[in-house]
Amino acid sequence: MGTGLVAGWRRAVVAPSLILLPAVLVSALALRWPAAAATLVLDRDAVAQGQWWRLWSGHLMHLDMPHALLNLVALAVIVMLGLRQRMLGSIAAAALLGMPLLSLALFQVDPALQWYAGLSGLLHGLLVMVLLRRGGAIAWTLLLLMALKLAYEWRNGSHWDGFAVITLAHRLGAAGGVAWAVAGWAVRRIRHARAQRD
C-alpha cells in the first residue's frame, strides 16, 4: 500500500514537472535576459532564415511577468486535469507537435504577422482537447463559454497592457485541440476494435 502511494505521488509530481518546468525555466530566462527573448521569440524573418527553433520557443516567450504567470498557471491547471484523466502523454505530444504547427498556421493565415509570443494559443488547444476527452455537463459548459469568448475576440479583438492580442492564435489553437481530440478518439476506437477481434 505504501509503495503504491509513493509511486502514485511520484507520477503526480514528476510527470507534470516534465511539462511545466521547461515552460517555467525558458519563460523566466527570457524575462530576465531580453537578449535571450530576442533569440527565442517567434519571428517571421528569423524563421525564414532557418531559425526553426523559434517555432517552438516563441510560445514560451512572454511580454511581462503577469503575462507569463497567467499562462503558466493556466498550463498547470490543464496539466492537473490531464493527470486525473491519465492523458499527460497526449498533452505533451500535442504541445510538442502543436507549437510548430500553430506557428506555421499563424504565418500562413496572417501574412502581415511579424512576431508572436505567448502560450495562450496552445493553451486554448490543450484545454479543448482535455475537455472533449473528459465530457460531461461541466466540460461542455466550459467549451460553450470558450466558443463565446472566441467569437467575442474575433469580433472585438483584445489587448494586453497596450499590446494587441493575436486572437487568431486562440482560434487556431482551439481548432487544433478539436482535431487532436478527434484523432485520439479515432485511434482509441481502432485499438478497441482490434482488442475485441483478438
I'd like to check the side-chain hydrogen bond (donor to acceptor under 3.5 Å, both in side chains) partners of S120; sequence neighbours left out, ordered by chain and number.
H170
Distance in Å, M129 CE paired with Q85 CD, rounded so as to fall on 0.5 Å steps:
9.0 Å
Does anything in residues 141-158 form a salt bridge (Lys or Arg N to Asp or Glu O under 4.0 Å)? List the pairs, not counting sequence neighbours.
K149-E153
Could you measure the distance from the CG atom of L122 to the NE2 atom of H124? Nearest 0.5 Å is fine.
11.0 Å
Side-chain donor-acceptor pairs under 3.5 Å in residues 171-180, sequence neighbours left out?
unit_1: R171; atom_1: NH1; unit_2: T167; atom_2: OG1; d: 3.3

Do you reckon M146 sits in the same ILVMFWY cluster as Y152, going by side-chain contacts under 4.5 Å, direct or chained?
no
Same cluster or not: V109 versus W154, using hydrophobic residues (I, L, V, M, F, W, Y) connected whenever any side-chain heavy atoms lie under 4.5 Å apart?
no
According to side-chain hydrogen bond (donor to acceptor under 3.5 Å, both in side chains), does anything in residues 101-116 pair up with another residue at least two apart or in another chain? List the pairs.
H59-S103
Measuring only between side-chain heavy atoms, which start at C-beta, is L60 closer than 4.5 Å to M99?
yes
Under 3.5 Å donor-acceptor pairs involving side-chain atoms of residues 134-145, not counting sequence neighbours:
unit_1: T141; atom_1: OG1; unit_2: A137; atom_2: O; d: 2.8

Considering only residues two or more places apart or on different chains, which pairs with a residue in residues 43-54 satisfy side-chain hydrogen bond (donor to acceptor under 3.5 Å, both in side chains)?
Q51-R54
From CG (N71) to CE (M61), nearest 0.5 Å:
11.5 Å
When hydrophobic residues are tied together by side-chain contacts of less than 4.5 Å, even through go-betweens, does M80 share a cluster with L88?
yes
Between CG of L150 and CG of L168, what distance do you get to the nearest 0.5 Å?
11.0 Å
Measure across G82 and V130 and return the closest heavy-atom pair with its distance rounded to 0.1 Å.
N-CG1, 4.4 Å
Rounded to the nearest 0.5 Å, the CG atom of L106 sits from the CG atom of L101 at a distance of 11.0 Å
Sorted by chain and number, sequence neighbours left out, side chain to side chain contact (heavy atoms under 4.5 Å, CB included) with R188 holds for R133, W185
What I'd like to find out is whether the side chain of L55 reaches to under 4.5 Å of the side chain of V47, using heavy atoms alone.
yes
Donor-acceptor pairs under 3.5 Å, side chain of residues 90-97 to any protein atom, not counting sequence neighbours: which ones?
none

From L126 CG over to L81 CG, what is the distance, rounded to the nearest 0.5 angstrom?
11.0 Å
Where L102 and A169 come nearest, the two heavy atoms and their spacing:
CD1-O, 4.0 Å
